[in-house]
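The chains referred to below are lettered A, B, ... by the order of the sequence lines, with proteins before strands, and numbering in each begins at 1. As the structure is a computational prediction, the values presented were derived from the model and not from experiment.
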Number of protein chains: 2
Amino acid sequence: MSDVSSSSVASRSNTQRGDHSAPNSSGQGDASAGAGPQDRPRAVGRPARPRAGEIRDFLEQEIVTGERRPGERLDESAVAARFGVSRTPVREAINQLVSAGLVDQIPNRGAFVRGMGLAELVEMFEVMAELEGMAGRLAARRIGEGERKRLREAMAACAEAAESSDTDAYYYENERFHQAIYDSCGNAFLAAEARRLHIRLKAYRRLQLRVPQRMRQSLAEHQRIVAMIEAGDGEGAEAELKSHISVQGERFADLVASLKAPLPRG
Amino acid sequence: MSDVSSSSVASRSNTQRGDHSAPNSSGQGDASAGAGPQDRPRAVGRPARPRAGEIRDFLEQEIVTGERRPGERLDESAVAARFGVSRTPVREAINQLVSAGLVDQIPNRGAFVRGMGLAELVEMFEVMAELEGMAGRLAARRIGEGERKRLREAMAACAEAAESSDTDAYYYENERFHQAIYDSCGNAFLAAEARRLHIRLKAYRRLQLRVPQRMRQSLAEHQRIVAMIEAGDGEGAEAELKSHISVQGERFADLVASLKAPLPRG
DNA sequence: CTCATGGAAATCGTATACAATCTCCTTGAC
DNA sequence: GTCAAGGAGATTGTATACGATTTCCATGAG
């Protein structure tokens with residue numbers, strides 16, 4: 001229900017990974033300023049599918065994947081030219097990204113990709129751990145038959161990906177696993193909030209899997225989590241999930257520290 | 001920090017309570033369609049203060065106070081006429097309300113005031129309890145001298161308001177008390193998230209104080225919370241805060257049930 | 001050399017115009 | 001009488017235009 005509001009950003013076309021080379025008209029890899037000559041004279045009127053959402057998803061992908069660097073400015077006119085649209089839908093898209101917390105808007109300076117510093121990332125993981133733990137605790141008591149099946153399937157898929165050492169696949173299935181827990185907690189609002197945070201941490205979560213052996217360890221944790229939920233042990237599931245996420249946070253800190261990539265804040 | 005993103009909606013001019021009779025031009029209580037003759041010919045160009053935010057805050061007030069009934073349609077043209085502006089800033093305002101979760105948008109039907117049903121309110125209070133509990137637990141370990149002083153002052157103010165049975169004052173000081181806890185948890189992101197939820201529940205929180213003896217009991221709970229934090233007992237503070245909020249949720253359900261105001265969902 | 005002041009350019013927020021799509025109601029046939 | 005097809009109206013999403021405000025840079029004085 002509250003999906004409409006919270007997870008509005010990046011709701012559609014998120015499963016299509018890869019394949020985001022260029023918006024539409026300018027097939028060239030010309031990056032930022034573009035403003036190439038528009039062959040088609042800008043179709044006026046109401047398009048079949050709203051362009052604003054499309055632009056939002058695309059920009060979000062660029063930000064989350066790190067293609068757009070933190071601190072980079074999102075120029076309305078440039079983006080508009082790049083997509084072959086006017087500033088109006090671009091403004092709408094950027095506003096939504098601001099609401100989602102991926103972009104900061106400075107009153108008369110413009111919109112900038114929000115670079116999250118290490119401190120803030122740790123804070124966000126701390127909250128994420130709490131929310132996930134809560135979801136797990138509630139799920140242990142409230143999960144239904146359908147969701148239980150989904151959860152099992154998601155974990156099986158994780159296991160399969162881990163066995164074939166397919167990091168990308170594991171990343172994807174891991175998403176599904178956690179979504180399944182959110183949906184099993186019997187609190188749609190909590191699920192939506194968790195999803196929102198999850199999206200916001202997506203870019204950094206992906207890095208974690210680079211840590212050696214992380215995938216295997218993650219899978220083991222998943223198995224313990226499912227066991228707790230299946231046993232109806234709410235406190236146990238909460239503890240497992242909390243440490244699962246917290247470890248991610250710590251690991252991430254380790255990774256960042258070792259890479260000497262401070263991820264500049266502003 | 002993340003105030004910019006998360007609590008963007010209803011960030012300013014929220015402390016100014018009351019004083020929201022009419023937008024600007026049409027002083028008449030003419031409600032919806034309006035479209036009265038605009039004496040001033042619609043100032044074009046960039047206004048000193050953006051009108052969109054103003055409109056958003058106003059609509060938010062109307063929704064939160066129940067002036068706009070759940071399920072009511074927000075007609076862009078009507079709102080625009082009422083404020084004496086074009087559809088553009090109104091669209092922006094409505095989009096922000098959608099992001100904030102106060103309004104639902106149905107693709108080709110329009111925007112509708114989101115009526116939060118009892119079920120969803122309970123869900124939100126459940127999450128609120130968790131976040132507040134977390135903030136308290138962290139605050140018990142991390143609170144500094146300055147914040148400790150602020151917390152004590154806030155509680156003293158609560159006590160004073162309770163003694164004089166001033167419900168309005170207590171409502172206000174209670175806000176400050178909880179804000180103080182948020183700010184003491186050493187996690188700015190958590191503080192921002194808690195504040196966001198707090199705002200969203202504001203309308204319903206106010207009703208709670210109508211319950212007999214609630215104010216006195218709330219104060220007692222506050223005292224226990226502070227005691228736990230001062231003692232550095234994180235788990236204790238968490239438990240106290242959780243039950244503090246949860247009680248509010250249950251009490252609220254009682255209140256709603258007794259008032260026979262089902263608050264229809266959609 | 002530092003600081004204040006002026007103007008020009010960039011940028012933002014809003015007004016207006018317009019076309020495509022959807023909804024709803026009417027009209028007609030079976 | 002019921003259902004389908006058609007069109008008129010309403011509504012939406014986007015394009016374009018424009019003025020006000022702000023920022024940035026240059027030029028000048030102290």
OP1, OP2 of [N] versus side-chain N and O of [X]: anything below 4.0 Å?
{"X": "A:Thr88", "N": "D:dT14", "result": "no"}
{"X": "B:Arg87", "N": "C:dT16", "result": "no"}
{"X": "A:Arg91", "N": "C:dC12", "result": "no"}
{"X": "B:Arg73", "N": "D:dT11", "result": "yes"}
{"X": "A:Arg109", "N": "D:dC24", "result": "yes"}

d([atom1], [X]; [atom2], [N]) in whole Å:
{"X": "B:Glu54", "N": "C:dG13", "atom1": "CD", "atom2": "P", "answer": "14 Å"}
{"X": "A:Asn95", "N": "C:dG13", "atom1": "CG", "atom2": "C1'", "answer": "11 Å"}
{"X": "A:Glu92", "N": "C:dG13", "atom1": "CD", "atom2": "P", "answer": "14 Å"}
{"X": "B:Ile94", "N": "D:dT11", "atom1": "CD1", "atom2": "C1'", "answer": "12 Å"}
{"X": "B:Glu76", "N": "C:dA17", "atom1": "CD", "atom2": "C1'", "answer": "15 Å"}
{"X": "B:Gln105", "N": "D:dG13", "atom1": "CD", "atom2": "C1'", "answer": "11 Å"}
{"X": "B:Ile106", "N": "C:dT23", "atom1": "CD1", "atom2": "C1'", "answer": "13 Å"}
{"X": "B:Arg51", "N": "D:dT21", "atom1": "CZ", "atom2": "P", "answer": "14 Å"}

Inset, instruction - First locate atom CG of B:Leu74, then atom CD of B:Glu62, and finally report the distance between them rounded to the nearest 0.5 Å. - result: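 The distance works out to 8.5 Å.
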Legend entry - Gap between atom CZ of B:Phe83 and atom CZ of B:Arg51 - 0.5 Å precision: 7.5 Å
Legend entry - Salt bridge A:Glu60-A:Arg200, side-chain N to carboxylate O under 4.0 Å: no
Legend entry - Worked check of side chain to side chain donor-acceptor pair (under 3.5 Å) between A:Glu175 and A:His198: CA-CA 9 Å; A:Glu175 298 275 294; A:His198 199 97; 2.9 Å; yes
Inset, instruction - Just compare D:dA15, D:dT11, C:dG13 and give me whichever is closest to any side-chain atom of B:Pro50. - result: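 Closest nucleotide to the B:Pro50 side chain: C:dG13.
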Legend entry - Sub-4.5 Å side-chain heavy-atom contact between A:Arg114 and A:Glu120: yes
